[in-house]
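Comments concern the structure below.
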Amino acid sequence: MYLTRLKLANFKSYADADIAFSNNVNCFVGNNGVGKTNLLDAIYYLSFCKSYFNPIDSQNIRHDEDFFAIHGEYSNDDAPVMVSCTLKRGHNKQMKFNKKTYTSLSEHIGKIPLVIVSPNDQNLILGGSEVRRKFIDGVISQADHTYLNTLLQYNKALDQRNHLLKSCYENRYFDKEGIALWDEQLAHHGSLIFVRRRQFIEEFSPLFSHYFSMIADEAIAHESPSLSHTSPLLDSLTISQFSDDAIPTIEEHFKALLLQAQQRDAIMQYSTVGTHKDDIDLAIGGYPVKKFGSQGQQKTFLLALKLAQFDYIAQRLNEKPILLLDDMFDKLDMLRVRQLVRLVGSSRFGQVFITDTQQGRVESIFEETPDIDHLIFHVTPGSVQPISSNH
């Protein structure tokens with residue numbers, strides 16, 4: 001799937017924009033703050049029905065305007081595809097696929113696969129466990145809609161259980177039967193999530209190691225990076241193989257943990273055990289990257305995670321995701337920048353969008369790699385103009 005045209009109205013800094021793209025590499029160049037990242041965010045919206053950078057949709061409407069509209073024209077092997085995201089102040093957001101409005105936004109996830117790499121992703125390494133859980137869930141959900149629906153059901157049950165715990169605390173009455181009903185839901189959905197996450201780490205880790213060794217510099221290429229899934233469910237589980245056949249055993253174990261935690265949960269007024277406490281341990285040479293990794297190691301770790309995400313989704317959907325690289329060159333030397341552009345511009349990848357502040361750097365890279373089909377756009381506040389290409 002390729003984005004051939006993007007049209008914007010009142011989205012962030014853009015009153016109006018209409019841009020045609022290359023099927024390979026597209027570069028937005030310009031000073032900081034001119035709106036390069038806003039273009040990537042509009043493309044992200046069309047895949048995920050939300051902003052990557054600002055979760056409050058209304059704040060993405062241009063100042064003093066009443067609505068925003070994002071329209072994308074895509075091409076694939078079958079027929080052209082039209083995707084639209086619109087929001088009017090005081091109304092619900094609407095997503096349309098070929099002019100058909102979704103009743104649930106989750107139906108759209110995975111239809112236009114996409115991977116974004118941004119400086120904000122540093123939180124994957126430095127942030128709390130919630131960030132890494134969202135990463136896992138986001139990768140799996142693009143390729144597995146059943147997992148996404150299970151995750152939504154688990155989160156609904158978790159919200160209801162937490163609401164009941166708070167109500168019990170305020171009313172000084174513990175509703176054992178009510179809590180037990182939500183325990184059943186959490187254990188059922190949570191055991192499916194737990195097994196799928198374990199399977200994901202096993203499938204994902206070789207891809208991650210491959211890309212780490214490919215993009216690492218000589219100083220760290222020999223070091224052993226690793227990803228490992230941690231969960232409250234693992235503390236006392238005796239099984240070693242986490243296949244689908246193990247789900248009934250894990251579900252019973254989950255219910256037992258919830259029962260043991262009831263008294264503590266009643267005092268804390270929220271659920272203290274479950275798959276919503278899972279995490280991924282990120283290590284290099286056996287030590288946590290978060291605490292002991294250098295900036296170079298952390299940067300390489302992050303890029304490897306994201307490129308592995310691309311491969312994982314592409315393999316399962318038999319379709320190359322769109323790749324967005326936001327401001328990724330500033331912390332890399334020119335040799336690494338060239339390596340990265342050659343990699344993402346190769347046939348291994350599909351359509352790529354890059355932002356950079358240095359027009360000369362981008363132009364020199366493509367002068368050295370004339371075989372990469374590309375378009376370069378100069379971005380100024382509210383305006384996007386093509387300046388060079390071999391398109």
Side-chain angles (χ1 to χ4, degrees), residues 1-3 5-12 14 37-62 65-74 76 79-116 118 120-121 130-131 133-160 185 189 192-193 196-197 200 275-276 309 312-313 316-317 319 321-324 353:
M1 187 85 74
Y2 299 98
L3 177 63
R5 196 170 209 93
L6 178 69
K7 297 180 181 181
L8 305 178
N10 300 327
F11 180 74
K12 294 191 172 182
Y14 292 93
T37 298
N38 292 346
L39 295 170
L40 299 191
D41 205 24
I43 298 169
Y44 185 89
Y45 248 110
L46 294 176
S47 286
F48 292 98
C49 316
K50 62 181 181 180
S51 166
Y52 188 72
F53 301 96
N54 188 347
I56 303 174
D57 288 309
S58 61
Q59 292 182 0
N60 296 310
I61 300 175
R62 194 166 183 260
E65 300 293 344
D66 293 328
F67 75 98
F68 77 61
I70 309 170
H71 304 289
E73 298 177 12
Y74 295 82
N76 61 14
V81 171
M82 294 285 297
V83 181
S84 296
C85 178
T86 57
L87 176 68
K88 187 174 182 179
R89 293 192 192 275
H91 294 73
N92 291 329
K93 179 171 48 183
Q94 279 197 331
M95 288 291 301
K96 292 184 179 181
F97 191 89
N98 284 338
K99 299 184 179 180
K100 181 181 178 181
T101 303
Y102 289 104
T103 55
S104 172
L105 297 179
S106 66
E107 297 174 38
H108 183 64
I109 305 303
K111 288 199 172 180
I112 304 175
L114 180 146
V115 173
I116 184 169
S118 158
N120 288 13
D121 294 326
E130 180 182 4
V131 182
R133 281 195 303 276
K134 284 184 177 180
F135 173 73
I136 299 176
D137 293 338
V139 178
I140 302 173
S141 294
Q142 281 199 76
D144 184 349
H145 219 265
T146 300
Y147 179 85
L148 176 59
N149 289 331
T150 302
L151 186 66
L152 292 172
Q153 292 300 314
Y154 180 89
N155 288 335
K156 286 179 183 177
L158 179 63
D159 287 344
Q160 291 296 324
Q185 291 292 310
H189 298 301
L192 297 172
I193 292 168
R196 190 67 192 91
R197 285 176 178 169
F200 166 76
T275 50
H276 57 286
Q309 176 186 358
Y312 179 90
I313 294 169
R316 277 145 190 83
L317 294 181
E319 181 178 353
I322 293 171
L323 180 62
L324 311 182
F353 294 86

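Hydrogens, waters and symmetry mates play no part in the numbers below; they use all other heavy atoms, side chains included.
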Quick check: do Lys12 and Phe68 have side-chain heavy atoms less than 4.5 Å from each other? no

Should Asp41 and Asn54 count as side-chain neighbours, where that means a heavy-atom distance under 4.5 Å? no

Heavy-atom count around Asn98 CG within 6.0 Å, excluding the residue itself: above 12? yes

Whether over 12 other heavy atoms sit under 6.0 Å from Lys93 NZ: yes

Evaluate side-chain contact (heavy atoms from CB on, under 4.5 Å) for Ser51 paired with Gln59, printing each intermediate quantity in order. CA-CA 10 Å; Ser51 166; Gln59 292 182 0; over 6 Å; no

Looking only at heavy atoms, the pair that brings Gln309 and Leu114 closest together is NE2-O, 4.5 Å

Test item: Leu40 and Tyr52 side chains (from C-beta on) under 4.5 Å apart, heavy atoms: no

How long is the straight-line distance from OG of Ser84 back to NZ of Lys7, given to the nearest 0.5 Å? 9.5 Å

For Ile112, does its backbone N or O pair with a side-chain atom of Ser47 as donor and acceptor, under 3.5 Å? yes

Nearest-0.5 Å distance, NZ of residue Lys111 to NE2 of residue His145: 8.0 Å

Check for me whether Arg316 meets the cation-pi criterion with Tyr312, that is, NZ or CZ under 6.0 Å from the six-membered ring centre and within 45 degrees of the ring axis. yes

Under the salt bridge (Lys or Arg N to Asp or Glu O under 4.0 Å) rule, what do Glu65 and Arg89 come out as? Steps first, then yes or no, please. CA-CA 9 Å; Glu65 300 293 344; Arg89 293 192 192 275; over 6 Å; no

Go through the steps to decide whether Phe11 and Tyr45 satisfy the test ring pair (Phe, Tyr, Trp, His ring centres under 6.0 Å), and finish with yes or no. CA-CA 11 Å; Phe11 180 74; Tyr45 248 110; 5.6 Å; yes

The residue among Met82, Glu107, His108 that forms side chain to side chain contact (heavy atoms under 4.5 Å, CB included) with Phe97 is His108

Beyond-backbone contact of Leu46 with His71, side-chain heavy atoms, under 4.5 angstrom: no

Checking side chain to side chain donor-acceptor pair (under 3.5 Å) for the pair His189/Thr150: CA distance, chi angles, key distance, verdict? CA-CA 6 Å; His189 298 301; Thr150 302; 5.2 Å; no

Side-chain heavy-atom pair Glu319, Asn76 within 4.5 angstrom cut-off: no

So, using salt bridge (charged side-chain N to carboxylate O under 4.0 Å, His left out) as the criterion, who are the partners of Lys88 when residues are at least two apart? none

Report yes if some heavy atom in the side chain of Ile70 is under 4.5 Å from a heavy atom in the side chain of Leu6; otherwise report no. yes

